[in-house]
A.B. asks: 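The structure is given below, and queries will be raised subsequently.
Predicted, not measured: the structure shown is a model, and the values here were computed from it. In what follows, every chain begins at residue 1, and chains take the letters A, B, ... in the order their sequences are listed.
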Amino acid sequence: MGIRSVRNSDDGYGFAGSDTVILDGVTANASLLVAGQLDGRDVKTVESLSPGKTLSAVQSAMVDAGIVQSGYNAPAAALIMTDLLNRRENPSREDVIDAFSGLFNRATGYQQFFLAVEIARERMKDPDFVPPEIAPEFREDLVHIGTPRPKVDGPKLVSGCPAFVEDMVRPGSLILKMLRSPHAHAVITSINTAAAEALQGVELVMTHLNTPDIWYSQAGQGFPEPSPYDRRLFGKKVLHVGDRVAAVVAASEEIADKALGLIEVEYDVLPHVMSLAEAAAEDAPIIHKAELTYEAGAPDDLDKTNKNADPVAGRIIYQFPIGAAPHRNIAASVSGGIGNVEEGFKDADVIIERTYASKQIQCTPLETHTVYTRMDGERLVIHASTQVPWHLRRITARVLGIPENKIRVIKERVGGGYGSKQDILLEEVCAWATWQTGKPVFFRFSREDEFLANSTRHVMEITVKIGAKNDGKFTAVKMDVNANTGPYGAHCLTVPMNGVGKSLPLFLCDNFDFNVTTYYSNIPPTGAYQGYGAPKGSYAMQMAVAELAAELSMDPLDLIELNRVHQGSMLEILRCLGEGREGTAVPAVSCGLGPALKEGAEMIDWGKKESSANPDVKIGKGVVIIQQGSGLPGLDHSGASIKMLGDGTFMLHSGGADLGTGLDTVSVKMAAEVLCVDMDKVAIISGDTDITPFDTGAYASSGTYFSGSASKKAAEDIRAKILNAAAEILGEPEEDLVIEAPGIVRGKKESLTYGKLAWHTQGGEGSGQLIGTASFTTEDAAFPYGAHFCQVAVNTRTGKVKVQKYYALQDCGTPINPELAMGQIYGGVLKSIGHSMYEEMIFDKKGRCINTDLRSYGVPMIGDLPEDFQVKLVYTDDPFGPYGAKSVSEVSVNGAAPVIANAIHDAVGIWIREWPFSPEAVLKGLGKI
Amino acid sequence: MEDRRYYVPNDPDEALVMKAAGGETARYLAGGTLVNWGPVKDETSTLIDLRNVCGNKIRRGSTGFIVEAGVPLQQLADAEELPDIINRGADFVAARQIRNMATIGGNIAAMRNDSNLIPALLVLNADLRLYKAGKISVMNYTIAPEIYENDIILEVIIPESKGPGVMKKVTRSNNGYPVLIAAVTLKPEPIIVVNGALPAIIRLGRIEEALTADPELPKERIEKIVAEEIPVIADIHGSVEYKKYIAGVTVADLVAECRADDSAKGGRK
């Protein structure tokens with residue numbers, strides 16, 4: 001019917017709720033309905049809420065409250081909220097939870113839904129209702145920065161307008177479907193595609209026999225990447241259940257499915273390895289016995305190593321050494337440290353050494369991975385749901401063997417990425433299909449595909465050893481990280497390193513040491529995932545600190561306070577933690593940990609032991625500190641340009657890839673603030689490789705700090721040009737001119753509006769259109785910090801852990817969009833509560849993931865919200881960030897695992913050293929089973 | 001996917017004829033949450049929509065409540081006149097959209113192992129009225145549902161409850177698959193039913209006998225007997241050890257709850 005606003009997040013499982021419609025006055029899952037059921041019935045989609053351009057009360061409330069982030073299921077949420085308010089004039093918290101019980105929201109963590117309902121309720125009575133407070137405000141000296149403002153793409157998303165890749169697919173486009181390996185480790189000995197190719201409607205069948213022998217990495221990282229080029233489009237060897245075997249491009253999904261069934265494949269099945277211990281074993285099956293090549297820094301014994309290579313395994317190309325030994329399943333390794341840890345441990349009065357582990361978890365974006373490719377004359381156009389448009393273009397150009405200027409990548413709205421859309425998981429296959437056929441091709445992962453082939457968080461086992469004096473002062477800290485990268489080495493060095501790099505610098509100690517070793521295996525692929533290794537490192541380090549506190553009979557908060565980083569502390573350990581390059585010791589120039597810990601302790605009544613009326617239920621509290629970075633100084637790069645239009649408004653072109661977090665809003669705010677205009681005077685296009693300047697992409701928490709800075713800098717560039725041009729027109733010196741709201745250049749004698757200025761400059765005799773441009777790079781680092789507190793109730797009979805209170809106090813410098821920043825934090829926390837307590841990919845003996853749907857995998861829903869869930873933004877003014885801002889998107893996922901585990905210990909006295917903290921794990925810890 | 005045939009019969013006889021004509025892959029369609037559910041929908045060639053066959057009213061009969069098979073779960077959850085355990089059983093379906101769509105008749109017929117309603121109906125000794133077979137107990141239906149595969153559930157008859165019925169669902173996450181659903185009543189006689197990550201919906205006869213023999217059976221004994229009796233296998237929801245343990249403590253806790261409620265409301269609001 002062409003109604004795109006009814007989305008598909010789970011292929012008819014009726015769980016995610018992105019497909020919600022109103023059927024005969026009640027909410028229903030459209031994907032569970034067949035057409036016949038609709039006969040004679042009333043169906044309402046989001047289009048019914050705002051027939052014109054004006055948003056309904058509910059829709060505008062959603063935008064104002066900041067709950068429209070990725071927006072993929074915002075139309076569904078709008079229908080659910082409308083239904084709720086039609087049923088309940090004054091809905092209770094329980095009513096709201098019940099209404100949204102069937103809506104999966106990975107981005108915003110639901111908490112602000114309650115506020116949105118309140119606003120909508122009032123706005124239904126009074127359309128002009130303005131809520132007294134949406135979020136705390138910061139920076140009274142500024143107009144837009146630090147103040148809640150509607151997300152610039154909010155109205156479009158909440159209205160269900162075409163915005164996502166799937167909305168761009170033109171009638172008649174071909175469909176690509178993938179044949180995936182049923183084996184975790186095997187060699188394809190024969191593959192017969194004749195019957196599939198003969199099927200009417202089949203345009204192309206791709207296998208390793210007819211696709212390029214080009215090796216690349218799927219990691220969307222800056223070039224040269226610290227990830228091995230260890231895969232090709234289709235390999236002769238399959239390395240995990242779900243690995244690519246063949247792809248069919250056909251006129252319809254049905255034909256493509258039928259063709260897949262006609263492909264005959266024979267395998268030589270090899271023994272597979274899943275765990276770190278199996279991968280590291282001396283007699284382990286080798287995943288990549290490949291021929292190794294180094295673009296720089298080849299080891300002396302390379303020829304000797306390559307004599308043992310197996311031609312079937314293909315090649316691996318390294319841009320530079322990353323400590324790899326793939327013939328021993330080692331994908332990467334690195335060691336480093338400062339001071340002398342052995343001496344430090346000798347000085348210690350108390351030493352503890354503990355190992356912490358975790359299971360494999362999924363990103364689960366609401367919009368699965370998807371791409372649409374088409375030709376535009378001689379050029380290839382890729383409509384992508386990506387965090388890295390330029391890396392996508394570069395990698396695709398390499399695979400296709402064509403210059404980058406033959407490719408245009410258009411980043412559409414992204415329905416959730418969380419890191420997994422930093423990797424090139426399907427785009428290059430689709431691009432190859434279009435390049436070969438000349439025809440438009442659409443490729444979308446099913447939800448099962450996500451579990452089989454999406455990149456996931458690395459599995460890690462981390463051993464932390466801490467030495468301390470009796471007073472708690474650390475004398476030495478050592479961290480050994482073993483990581484499981486799975487079949488391919490995307491991010492195999494940098495993710496585990498980040499586990500170290502974002503956990504050790506939280507503490508001050510003269511003696512640090514770390515070792516990182518990453519192994520190949522046959523688990524599903526891993527890669528970037530919000531936090532990028534930091535959640536694992538944070539879990540291990542913060543747990544070890546808490547365990548040390550118990551050993552010392554100290555309050556863990558006191559131990560943290562005694563050893564933590566402070567504003568101005570020099571972070572020496574960072575000298576050893578460059579991402580594929582030399583690191584640099586830098587200071588923590590802004591750090592809000594002090595006030596965050598103080599306020600959090602007061603909020604949770606730290607030190608007061610709570611009890612339950614139920615004797616089986618024990619209450620405990622925990623505290624941790626966390627940090628992240630703000631992009632990668634010295635590696636990341638962002639660009640922006642802004643031009644003045646004929647009426648004095650502006651068009652901003654940002655390279656930044658807004659993946660639903662509100663980066664476009666950040667960029668517009670930057671420009672509007674600099675240029676003293678309302679935000680609606682600045683329109684934005686972002687993430688289009690033909691139109692906007694280069695940007696390394698939205699990862700490593702770089703958006704506000706890098707892309708935001710580029711937009712600010714571009715605005716400052718055009719501001720200078722505005723003053724220069726106005727000076728000439730007004731006949732006054734530049735230093736006598738000031739720019740004032742609403743877009744006026746005021747001199748001592750006269751003033752000039754931007755509209756008049758545009759008329760002057762763009763007239764035939766003028767100086768020409770005013771355009772500001774900027775690139776932003778920096779060596780300066782800005783670290784967001786946070787203190788997370790929680791209170792749990794542990795039922796000692798059932799093992800069930802209930803998070804009663806969760807307080808996330810987050811220092812992100814100046815919050816540019818406070819309400820969206822809070823949504824990011826709520827979303828990150830709830831996601832990581834899910835990771836810590838519910839989520840887990842489970843495998844059978846053949847290495848196949850057997851819980852490939854959202855329900856059996858265990859994503860958290862609104863019913864899993866902590867009873868008291870609060871985010872507090874702790875203001876600091878970072879000297880390097882734009883208007884004092886630091887990142888906010890990733891850091892909040894680092895706290896839940898350790899703080900919940902610590903609270904469980906406080907409640908019942910057991911340390912749970914492996915995610916997830918399932919009831920079964922708790923009962924085992926309690927010795928009940 | 002082959003084309004599906006879709007029929008909307010006006011009465012049970014017409015529906016039966018269509019079902020017979022459709023063969024093995026013909027399915028009755030109530031709310032659609034199970035028949036159209038992603039993993040199974042491609043197996044169905046013929047859909048027979050029962051919207052005109054099964055009513056959606058709840059009424060009081062001479063010995064209890066008559067719930068027409070087309071009543072959606074949300075209506076059951078909201079029906080204050082029905083026993084608590086029925087409200088809870090319906091409400092345990094976590095997603096409101098599903099509760100709006102799924103019907104009591106469809107939920108029973110599907111015999112899913114995450115059905116909360118069937119254990120609730122079993123402890124209440126509820127009956128069904130099928131079009132061909134007439135009145136049968138829910139218990140008999142669940143023992144051999146294949147016998148009634150072509151029949152149509154028209155009504156569910158819920159007797160006036162003589163004792164409190166309580167139930168609990170054990171899941172890891174709020175909307176996750178149940179590891180265990182347990183429903184318990186002690187009066188007029190103990191009935192204990194479990195469902196969830198089990199081979200089937202099971203009535204636990206040994207513990208029922210033990211509670212009949214000793215109504216004050218200590219909780220430790222209840223836990224032990226249930227753990228011994230319940231047939232479980234290890235799967236994604238947990239180990240055998242965990243499932244036996246959690247079944248034992250859950251049933252023991254529900255028995256304790258029943259005992260505490262015994263003199264309260266007689267299972268009715």
A.B. asks: OH of A:Tyr857 to CD1 of B:Ile236: how many Å apart, nearest 0.5 Å?
C.D. replies: 12.5 Å
A.B. asks: Of the backbone (N, CA, C, O) and the side chain (C-beta and beyond), which part of B:Ile246 lies under 4.5 Å from a heavy atom of chain A, both, or neither?
C.D. replies: side chain
A.B. asks: Checking heavy atoms, do the side chain of A:Phe15, its backbone, both or neither come under 4.5 Å from chain B?
C.D. replies: side chain
A.B. asks: Can you tell which of A:Leu103, A:Val34, A:Asn851 has the highest number of heavy-atom pairs within less than 4.5 Å of chain B?
C.D. replies: A:Val34
A.B. asks: By a 4.5 Å heavy-atom criterion (distance strictly below it), what part of A:Leu923 contacts chain B: side chain, backbone, both, or neither?
C.D. replies: side chain
A.B. asks: Would you say the side-chain atoms of B:Asn174 pair up with the backbone N or O of A:Asp864, donor to acceptor, closer than 3.5 Å?
C.D. replies: no
A.B. asks: If only atom types and distance count, is the side chain of A:Lys928 paired as donor or acceptor with the main-chain N or O of B:Tyr242 below 3.5 Å?
C.D. replies: no
A.B. asks: If you count heavy-atom pairs under 4.5 Å with chain B, which of A:Gln37, A:Glu448, A:Lys258, A:Lys800 comes out on top?
C.D. replies: A:Gln37
A.B. asks: Contact part of B:Tyr6 toward chain A, heavy-atom cut-off under 4.5 Å: side chain, backbone, both or neither?
C.D. replies: side chain
A.B. asks: Look at atom NZ of A:Lys802 and say whether more than 12 heavy atoms of other residues, nucleotides or ligands are closer to it than 6.0 Å.
C.D. replies: yes
A.B. asks: Which atom pair, heavy atoms only, marks the closest approach of A:Gly36 to B:Arg51?
C.D. replies: O-NH2, 3.0 Å
A.B. asks: Does any backbone or side-chain atom of B:Ser239 lie under 4.5 Å from a heavy atom of chain A? Answer side chain, backbone, both or neither.
C.D. replies: both
A.B. asks: Minimum heavy-atom separation for A:Ile929 and B:Glu241, please, with both atom names.
C.D. replies: C-OE2, 3.3 Å
A.B. asks: For the interface with chain B, which of A:Glu253, A:Glu920, A:Met837 has the highest count of heavy-atom pairs at distances below 4.5 Å?
C.D. replies: A:Glu920
A.B. asks: Using a 4.5 angstrom heavy-atom cutoff, name the option from A:Gly858, A:Ser856, A:Gly14 with the most pairs to chain B.
C.D. replies: A:Ser856
A.B. asks: Does the B:Asn175 side chain pair with the main chain of A:Ser101, one donor and one acceptor, at a distance under 3.5 Å?
C.D. replies: yes
A.B. asks: Might you work through the side chain to side chain contact (heavy atoms under 4.5 Å, CB included) test for A:Leu84 and B:Arg96, ending with a clear yes or no?
C.D. replies: CA-CA 11 Å; A:Leu84 168 66; B:Arg96 188 176 181 93; over 6 Å; no
A.B. asks: Main chain of A:Arg797, side chain of B:Tyr245: is a donor-acceptor contact present, judged purely on distance under 3.5 Å?
C.D. replies: yes
A.B. asks: With a 4.5 angstrom heavy-atom cut-off, could you sort out which part of A:Val859 is near chain B: side chain, backbone, both or neither?
C.D. replies: backbone
A.B. asks: Please look at A:Ile80 and chain B and tell me whether the side chain, the backbone, both or neither of the residue comes under 4.5 angstrom of a heavy atom of that chain.
C.D. replies: side chain
A.B. asks: Could you have a look at B:Leu29, B:Leu47, B:Asp235 and say which one has the most heavy-atom pairs with chain A under 4.5 angstrom?
C.D. replies: B:Leu29
A.B. asks: With chain A as the partner, which of B:His237, B:Lys243, B:Gln74, B:Arg99 has the greatest number of non-hydrogen pairs under 4.5 Å?
C.D. replies: B:Arg99
A.B. asks: Quick one: which of A:Gly799, A:Gly17, A:Ala28 has the most heavy-atom pairs under 4.5 Å with chain B, could you say?
C.D. replies: A:Ala28
A.B. asks: Which answer fits A:Asp24, side chain, backbone, both or neither, if we ask what part of it has an atom under 4.5 Å from a heavy atom of chain B?
C.D. replies: neither
A.B. asks: Where do B:Arg172 and A:Pro916 come nearest, in terms of heavy atoms and distance?
C.D. replies: NH1-CG, 3.5 Å
A.B. asks: So, B:Gln97 side chain and A:Thr20 main chain: donor-acceptor pair closer than 3.5 Å or not?
C.D. replies: no
A.B. asks: Ignoring hydrogens, what is the shortest heavy-atom contact between A:Asp98 and B:Asp91? Give both atom names and the distance.
C.D. replies: OD1-OD1, 4.5 Å
A.B. asks: Which atoms of B:Asp253 are under 4.5 Å from chain A, going by heavy atoms: the side chain, the backbone, both sets, or neither?
C.D. replies: both
A.B. asks: Does any heavy atom of chain B fall under 4.5 Å from the side chain of A:Ile842, the backbone, both, or neither of them?
C.D. replies: side chain
A.B. asks: Which atoms form the tightest heavy-atom contact between B:Met101 and A:Asn29, and what is the distance?
C.D. replies: SD-N, 3.2 Å
A.B. asks: With no hydrogens and no angle check, just 3.5 Å: does a side-chain donor-acceptor pair link B:Asn100 and A:Thr27?
C.D. replies: yes
A.B. asks: Please report the closest heavy-atom contact between B:Asp114 and A:Arg855, naming both atoms and the distance.
C.D. replies: OD2-NH1, 2.8 Å
A.B. asks: Most heavy-atom pairs under 4.5 angstrom with chain B, which of A:Asp844, A:Ile850, A:Leu33, A:Leu23?
C.D. replies: A:Leu33
